[in-house]
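Structure record follows, encoded as C-alpha cells.
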Amino acid sequence: MEQRTKLNTQIYEEACAWFIDNRAGDLDEAARHAFDRWLRKSPEHLSAYLELAAIWNEGALLDPQGRFDRDTLIAQAAMDRDNVVELTNFRSAESSLAQAPVPKRQRRWARRWRGAAIAASMALMAISAIFFLQTFRAPTFVAAIGEQRSLTLADGSTVELNSRSKIVVRYSMQERRVELLQGQALFRVTKDVARPFIVKTGATLVRAVGTEFDVYQKREDTVVTVVEGRVAILTSHAGALADRDVPAAALGPRQSNLEFPAIAPGQIGNILVAAGEQLTVTPKRIQIAEHPNIASATAWTQRQLVFESASLADVADEFNRYNEKQLIVGDPRLETFHVSGVFSSTDPASLIRFLRARPELRIVETGSQIRIEKNTS
C-alpha cells in the first residue's frame, strides 16, 4: 500500500508539471511528443492529468460557500511533512533572477523551476480538492413530488426512488454506501462479497450483499422490508424489541458505533431480517411485523397506495408525498378512524372522493390544503 501511495504521488507530481507547462503554452514539438509518450505510458497518467484538469476547471465549484480558502487548504495539507518539498533558496533565487538580465535558456529553466514549486503546491491542493469533491459533490439523486425514478448504479445495482425521495451515493474500494436522506427507495443489489452494500438512514444502517429490499424513512420511523435475500440491520435503537422475539442466532455482538467494518466476516449486525420480513425502527423500539404484506409495501412501484386499516394521519402522510395540495387532519377525534383500500398515486382525486363518501368525515378545501374534519351534522 505504501509503494502504491508513493507511485500515485509521483504520477500526480508529473501530471502537475505537464499541466503547468501546457498552461504556460511554451512546449516545443519535442516536448509535445514527450508529453504524448507520458500520457500513453499508463492509464494512471491520463487519469491523473484529467483529474487535475477537472479540478482546475471546477475549482470554484468545490466550495461554493467559500468556507475553505486556498491558504487554509495548503496549510492543512502541509501538516503532513512527507508531502512537502522544501525550497529553502527559492526566494533568494527568485530575487536574483529579477535583478539582472538572464539568457533565454536560463529563463526557461527558471520557469520550470518555479513550475516545480507550483506543481508541489498544486499536488497538495489536488489531494485536498479531490477530498472535497468526494465530500461535497457525491452523486445526489432526487425524485420530485409525484415523480418516480429508476437508477442504475456503477456496480449494476438498481434503485427505484419514490416521490419526494433523495439519496446520496458514495462508492469506494471498501464498500458501496447509499444514504437515504428522505423518502423511500427499493434496492436491488448486485452481489459483491468484497464490497458490502450499505444503506444509511438516520441512525440505522442496512447491510446487504445480494438482495432486494425496501427502505422507507418516515417522520419518526424507518421501515425495512426484505423482498429477496436477507439484510443485517445495525441501529443505535436496538435495545428494545417488540411484537416478536428475535432468535438468538440473529443477534450479533453489540457495537459501540454505527460502522460495519468492526463486524468480522460471517457475522451480522444487531438483527438479521430475511425475505418476507419487515422491521420498523422507532426512536424507542424495534418492531418486527408478524405477517407483513410485502406486496403492499412495494405497491408504490406500481403507482398504487395500499392501506390496511391505516390511520388518517398515515393516509395523509402518504397522500402528501405525491401532491402539492396537502391533506390535513384537522380534528383529533379522528385518530380512531381507519382506512383500507387501494388507490392510484397518480389520481389523488380518487382518494378524496373516497373520503368524501364517508359519512363520518367532512372535507374542506381551502387554497393549498384539504382539511379532514369530523362531520357533526
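Counting begins at 1 with the first residue of the sequence.
- Within the structure, side-chain hydrogen bond (donor to acceptor under 3.5 Å, both in side chains) contacts touching residues 144-154 (residues at least two apart or in different chains) are Q148-N162, S150-E160.
- Evaluation of the ring pair (Phe, Tyr, Trp, His ring centres under 6.0 Å) rule for F354 yields F343 as partners, not counting sequence neighbours.
- Classified by interplanar angle (parallel below 30°, tilted 30° to 60°, perpendicular above 60°), the ring pair W38/Y49 is perpendicular.
- For Q184 and R321, the side-chain atoms include at least one donor-acceptor pair closer than 3.5 Å.
- Taking the side chain to side chain contact (heavy atoms under 4.5 Å, CB included) definition, one finds that T298 meets it with L186, D214, V227, sequence neighbours left out.
- Listed by chain and residue number, Q217 satisfy the side-chain hydrogen bond (donor to acceptor under 3.5 Å, both in side chains) test with T201 (two or more places apart in sequence, or in another chain).
- Among residues two or more places apart in sequence or in another chain, the side chain to side chain contact (heavy atoms under 4.5 Å, CB included) test is passed with T336 by none.
- Not counting sequence neighbours, E220 has no partner by the salt bridge (Lys or Arg N to Asp or Glu O under 4.0 Å) test.
- Donor-acceptor pairing under 3.5 Å is lacking for the side chains of E308 and S340.
- Not a single salt bridge (Lys or Arg N to Asp or Glu O under 4.0 Å) links K218 to another residue, sequence neighbours left out.
- Every residue two or more places apart in sequence or in another chain was checked for a salt bridge (Lys or Arg N to Asp or Glu O under 4.0 Å) with R303, and none qualifies.
- Hydrophobic cluster membership for V168: L181 (Ile, Leu, Val, Met, Phe, Trp, Tyr linked by side-chain heavy atoms under 4.5 Å, directly or transitively).
- Each salt bridge (charged side-chain N to carboxylate O under 4.0 Å, His left out) pair with one or both residues in residues 340-355, not counting sequence neighbours, appears once here: D347-R353.
- With hydrogens and angles ignored, the 3.5 Å screen pairs no side-chain donor or acceptor of D314 with any backbone N or O of A310.
- Listed by chain and number, the residues in a side chain to side chain contact (heavy atoms under 4.5 Å, CB included) with K374 are D331, R333, L334 (sequence neighbours excluded).
- In this structure, CD in Q326 is found 8.0 Å from CZ in F319, a value given to the nearest 0.5 Å.
- For R40, the side chain to side chain contact (heavy atoms under 4.5 Å, CB included) partners are D36, not counting sequence neighbours.
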